[in-house]
Asks: 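Following this message is one structure expressed as structure tokens.
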Amino acid sequence: MGKSLFIAEKPSVAREFANALKVNTASRDGYLESDQVIITWCVGHLVTMSYPDAYDERYKRWSFDTIPFLPEEYKYEVIDSSKKQYTIVSSLMKRPDVTTIYVCTDSGREGEYIYRLVEQMSGVKGKDRRRVWIDSQTEEEILRGIREAKDLKEYDNLSDAAYLRAKEDYLMGINFSRALTLKYGTTVKDYLKRDRAVISVGRVMTCVLGIIVNREREIRSFVKTPFYRVLGNFILQDKAFPGEWRAVEGSSWYASPKLYKENGFKAKEDAEKLVAHLQEEPVGDILLDSISRKKENKNPPLLYNLAELQNECSRMFKISPDETLRIVQELYEKKMVTYPRTDARVLSTAVAKEIHKNLGGLRGYQPGAAFAAEILTKGSHRGIAKTRYVNDKQITDHYAIIPTGQGLNGLNGLAPLSAKVYEVIVRRFLSIFYPPAVYRKFSLCIKVKEEKFFAGFKVLAEEGYLKVMAKKTDDSGDKPNTAPRAPSPEEKRKDSGENEETEIKGDGEFMKLLETLKKGEKLAVDFYEIKEGETSPPKRYTSGSIILTMENAGQFIEDEELRAQIKGSGIGTSATRAEILKKLVNIEYLALNKKTQVLTPTLMGEMIYDVVGSSIKALLDPALTASWEKGLTMVADGNISSKEYMDKLNGFVGRRTEHVKRLNNQRTLYTQFQATAENYRK
């Protein structure tokens, strides 16, 4: 009987497979072996695409004569630093006693690519190949993955998409970087007074640079507009509360061109005229014109995918997406959470059926123990499959990131930051088994002469899931707070001047008063005041918010049909976005403030933006980048062929490269650099 060969992506994962299989293995150089199985690993990529000079020595020199470079057959080579492990893995795959190969690299497009390159380079034939697809590294999940492993051929479309993604990045990187460097490198070098300037271009990288530069230029050109709001401090049975004037229908100022929106004036003098009019005798009765009371349910948020978690950690802990991915990967390898590189924010029905196991394990985790026990005791987990948190149609490769309930013995070995990230994941997971938070909302309209003032209040009536999130540092206002405090006139007010409810915290008497109020009741006014505000520029991207922006690229696309077409694709993938940002910072196109995680373009970055904008502007368009990603998804789903995709790719790269070669706009661009530098330094 032949042996089974298991090929993992890392030595640590290989050991987990050995433990799950419960085989007595002996350690060899680069693998483990027993009587029945061999377990080895790839240590990431072992094989890579060859540089152009491997095709022909003349490609070594950058020249317009050698681009566009569009090979018919691609060459690959073993990475020098990985040759030893490649030789080990390759020889094991070709051993006569190995009859079945279990592919256990990471369950995703990149993991598939890592294995397929090794198999291609080794020329392996005549073996039964099985794909192990798992969502966590727990023993039962590994055994399930092995038990349910499918023939590798069923993943051929995913493999095709992986190869195409690599070819796309390769062709665009080589052709566009060479073309733009040859055409504009000297212009950039001379302006920046550098020894040399290589213009690095990438399918996703350049698009992300464009998004951030565009935002910076919006901020730079933004002109603040002052506005003036009129507030009244009203008295109801010795209780004071604020009301905001709005120019609604019936007002003397209704639809006036002097207004900034309906709740403010462009000029202070007009606000002063309104106040004078309101105070002019006879004032008449100040009456409660209307009051509405309603309940508002706020449901627990969806579970984390990688982008949401990266954004949350950037905001809460001021760490980069790259650091978040490193931490959650560590938690995954310690069996504490499920597979991190996922775009889904829901669970599968299969996982929902077994969710009691995850909850049961969390009874041993102190911050979540009481909640997990309460959920299990009440049985609130039993109906989870019928909620919005479970949806098989919204899952592609993997479901959301959740705690496995296992690996808790590794808690003591975690760095404090890793422990905090784990707690965030646990609390989000536990919250979905709790009811919504319930607010009581009150909306008041007060009539003074023909003018109307509005006040809104809300109080947390039932905390629901918020009690699970209580420790979470959150700026959203959802965290319960029982500290007694009177409502503040400006509490929760946005910089834009938009009216929001004041949240009542700890004032039971005022709450009772609102419950008994009736239309027509008389009020008094203590004073009116004018509040000056000003419009705010758009916010700069942080390392977390740009990750979410990349995931939701459709927001930049005006065409509804195209926006619907690329839904779910975005710019880049959950596995690559953090690395792309890291590269942009490393090549000094972007600057990252490590304390705030705010991203800004460097002068070099803005000049590269100008270069691309004047030559291959399409690279800056999120719609184009997302549509390429959508195409890869269509290949993976079997909806289009590799040839269709490759023909389109070759055509795009070829045409755009030839276009750059014909351009003669260096002088114009140099002038543009001067304007860019002048604006940058302001």
Side-chain angles (χ1 to χ4, degrees), residues 1-48 76-79 81-159 162-163 332-335 339 397 406:
M1 185 177 174
K3 289 189 173 183
S4 294
L5 172 64
F6 293 80
I7 302 177
E9 201 165 306
K10 294 180 180 179
S12 59
V13 181
R15 285 191 289 273
E16 294 299 341
F17 270 78
N19 294 336
L21 290 166
K22 294 184 169 49
V23 288
N24 187 21
T25 57
S27 293
R28 312 289 189 204
D29 188 8
Y31 65 101
L32 307 169
E33 185 168 10
S34 75
D35 293 339
Q36 301 88 29
V37 303
I38 306 167
I39 306 173
T40 189
W41 50 87
C42 284
V43 288
H45 280 279
L46 302 180
V47 177
T48 190
Y76 298 85
E77 59 192 55
V78 178
I79 298 170
S81 60
S82 305
K83 279 184 177 176
K84 180 182 177 183
Q85 190 61 21
Y86 167 79
T87 303
I88 291 167
V89 176
S90 179
S91 62
L92 290 171
M93 292 169 75
K94 291 187 280 191
R95 262 176 49 171
D97 59 337
V98 170
T99 56
T100 304
I101 297 173
Y102 283 92
V103 182
C104 309
T105 48
D106 273 3
S107 303
R109 192 169 72 190
E110 201 63 20
E112 192 71 18
Y113 188 53
I114 286 172
Y115 169 77
R116 296 283 185 143
L117 286 175
V118 175
E119 181 182 275
Q120 171 189 313
M121 204 75 182
S122 302
V124 178
K125 293 179 181 177
K127 308 285 185 181
D128 179 21
R129 304 165 306 155
R130 314 291 295 175
R131 192 28 158 135
V132 177
W133 199 271
I134 58 176
D135 287 296
S136 72
Q137 291 186 18
T138 61
E139 181 178 309
E140 60 187 6
E141 179 67 1
I142 289 172
L143 292 176
R144 183 206 59 76
I146 295 170
R147 187 171 62 250
E148 298 177 7
K150 298 177 182 178
D151 191 302
L152 189 64
K153 287 182 179 179
E154 295 197 30
Y155 295 86
D156 282 352
N157 288 336
L158 180 66
S159 171
Y163 272 90
Y332 170 67
E333 291 175 9
K334 289 181 178 291
K335 307 183 191 179
Y339 189 73
D397 295 340
Q406 300 186 35

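Residues: numbered from 1 along the sequence shown. Predicted, not measured: the structure shown is a model, and the values here were computed from it.
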Asks: Find the distance between CZ (Phe17) and CD1 (Ile146) and round it off to the nearest 0.5 Å.
Replies: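 One finds 5.5 Å between CZ of Phe17 and CD1 of Ile146.
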Asks: What are the two closest heavy atoms between Glu16 and Glu333, and how far apart are they?
Replies: OE2-O, 4.2 Å
Asks: Starting from the C-alpha separation in whole Å, work towards a yes-or-no answer on side-chain contact (heavy atoms from CB on, under 4.5 Å) for Tyr115 and Leu152.
Replies: CA-CA 11 Å; Tyr115 169 77; Leu152 189 64; 3.6 Å; yes
Asks: How close do Val23 and Ser34 get, heavy atom to heavy atom, and via which atoms?
Replies: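 Where Val23 meets Ser34 most closely, the heavy atoms are CB-OG, 4.0 Å.
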Asks: To the nearest 0.5 Å, what is the distance between CD (Gln120) and OH (Tyr163)?
Replies: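 One finds 3.5 Å between CD of Gln120 and OH of Tyr163.
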Asks: Is Arg109 paired with Asp397 through a side-chain N to carboxylate O contact shorter than 4.0 Å?
Replies: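 Salt bridge absent between Asp397 and Arg109.
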Asks: Salt-bridge test for Glu139 and Lys22: reply yes if a basic N is under 4.0 Å from a carboxylate O, no otherwise.
Replies: yes
Asks: Could you tell me whether Lys10 and Asp106 make a salt bridge, using a distance below 4.0 angstrom between a side-chain N and a carboxylate O?
Replies: no
Asks: Could you go step by step and tell me if Glu141 and Lys335 meet the side-chain contact (heavy atoms from CB on, under 4.5 Å) rule?
Replies: CA-CA 10 Å; Glu141 179 67 1; Lys335 307 183 191 179; over 6 Å; no
Asks: Walk me through whether Ile142 and Phe6 qualify under side-chain contact (heavy atoms from CB on, under 4.5 Å).
Replies: CA-CA 12 Å; Ile142 289 172; Phe6 293 80; over 6 Å; no
Asks: Could you report the tightest heavy-atom contact between Pro11 and Val43, atom names first, then the distance?
Replies: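 What the structure gives for the nearest pair is CD-CG1, 4.1 Å.
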Asks: Which value, rounded to the nearest 0.5 Å, describes the distance between Tyr76 atom OH and Thr48 atom OG1?
Replies: 9.0 Å
Asks: Nearest 0.5 Å please: distance from the OH atom of Tyr86 over to the CG atom of Leu117.
Replies: 10.0 Å
Asks: Do the side chains of Arg116 and Glu119 get close enough for a salt bridge, i.e. N-O under 4.0 angstrom?
Replies: no
Asks: What I'd like to find out is whether the side chain of His45 reaches to under 4.5 Å of the side chain of Tyr113, using heavy atoms alone.
Replies: yes
Asks: Over all heavy atoms of both residues, which pair between Ala14 and Thr40 is shortest? Give the atoms and the distance, please.
Replies: CB-O, 4.1 Å
Asks: Would you give the length of the straight line joining atom CG of Leu46 to atom CD1 of Ile79, rounded to the nearest 0.5 angstrom?
Replies: 7.0 Å
Asks: Side-chain donor-acceptor pairs under 3.5 Å in residues 89-96, sequence neighbours left out?
Replies:
unit_1	atom_1	unit_2	atom_2	d
Ser90	OG	Ser122	OG	2.9
Ser91	OG	Thr87	O	3.0
Ser91	OG	Ile88	O	2.8
Arg95	NE	Asp97	OD1	3.0
Arg95	NH2	Glu33	OE2	2.7
Arg95	NH2	Asp97	OD2	2.8

Asks: Counting C-beta onward and ignoring hydrogens, is there a side-chain heavy-atom pair between Leu32 and Ser27 closer than 4.5 Å?
Replies: yes
Asks: Could you check whether any side-chain N or O of Lys3 sits under 3.5 Å from a backbone N or O of Ile38, counting only pairs where one atom can act as donor and the other as acceptor?
Replies: no
Asks: Where is the tightest heavy-atom contact between Ala149 and Val132, given as atom of each residue plus distance?
Replies: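 Smallest interatomic distance, heavy atoms only, reads CB-CG2, 4.2 Å.
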Asks: Looking only at heavy atoms, which two atoms of Thr105 and Glu9 are closest? And how far apart?
Replies: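 Of all heavy-atom pairs spanning Thr105 and Glu9, the closest is CB-OE1, 3.6 Å.
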Asks: Applying side-chain contact (heavy atoms from CB on, under 4.5 Å) to Leu21 and Ile39, what does each step give before you reach the verdict?
Replies: CA-CA 10 Å; Leu21 290 166; Ile39 306 173; 4.2 Å; yes
Asks: How long is the straight-line distance from CD of Gln137 back to CD of Gln406, given to the nearest 0.5 Å?
Replies: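 That separation rounds to 11.5 Å.
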